[in-house]
Amino acid sequence: MLNYLRDHVGKPGTKEGCASGDCGACTVVVGELQTDDAGREHIRYRSLNSCLTFVSSLHGKQLISVEDLKHKGELHSVQKAMVECHGSQCGFCTPGL
Ligand code: FES
């Protein structure tokens with residue numbers, strides 16, 4: 001999934017660090033429709049290491065990368081807080097955070 005995002009979809013914000021599932025620099029969010037015991041549908045979100053995930057596993061799911069967090073040109077409130085509070089060090093893993 002990481003190579004797909006960076007090389008085919010034009011979303012280079014997700015970074016490759018270790019490429020082995022250890023560092024989290026490549027973290028993305030995947031949403032999947034689920035049905036609870038009462039028959040109500042809801043979307044369950046979870047984080048994944050995109051370096052370990054095959055694109056084919058995304059079928060029917062929502063993929064959210066760091067580029068998708070911006071809304072109408074504005075950073076997400078968590079992104080703003082990270083900038084204003086100097087919440088990263090070298091910044092390489094920041095998109096995953
Ligand atoms: S690149 Fe390090 S966990 Fe994916």
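In each ligand, atom 1 is the first atom listed, and ligand 1 is the first ligand listed. Quick caveat: nothing in here was measured; it's all calculated off a predicted structure.
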Taking atom NE2 of His8 as the centre, does the number of heavy atoms from other residues, nucleotides or ligands within less than 6.0 Å exceed 12?
-> yes
When you look at NZ of Lys61, are more than 12 heavy atoms from neighbouring residues, nucleotides or ligands closer to it than 6.0 Å?
-> yes
About how many Å separate [atom2] of [Y] and [atom1] of [X], when rounded to the nearest 0.5 Å?
{"X": "Thr53", "Y": "Leu5", "atom1": "OG1", "atom2": "CG", "answer": "10.5 Å"}
{"X": "Leu2", "Y": "Thr27", "atom1": "CG", "atom2": "OG1", "answer": "10.0 Å"}
{"X": "Met1", "Y": "Ser65", "atom1": "CE", "atom2": "OG", "answer": "10.5 Å"}

With heavy atoms and a 4.0 Å threshold, my read on which part of Leu2 contacts ligand 1 is neither
Classify the contact between Cys23 and ligand 1 as side chain, backbone, both or neither, using a heavy-atom distance cut-off of under 4.0 Å.
-> both
Report, rounded to 10°, the angle at atom 4 (Fe) of ligand 1 between the two atoms SG (Cys26) and SG (Cys51).
-> 100°
With heavy-atom distances below 4.0 Å as the criterion, list the atoms of ligand 1 near [X].
{"X": "Cys18", "answer": "1 (S), 2 (Fe), 3 (S)"}
{"X": "Gly21", "answer": "3 (S)"}
{"X": "Ala19", "answer": "1 (S), 2 (Fe)"}
{"X": "Asp22", "answer": "3 (S)"}

Minimum heavy-atom distance Lys15-Pro95, with the two atoms named = CG-CG, 4.0 Å
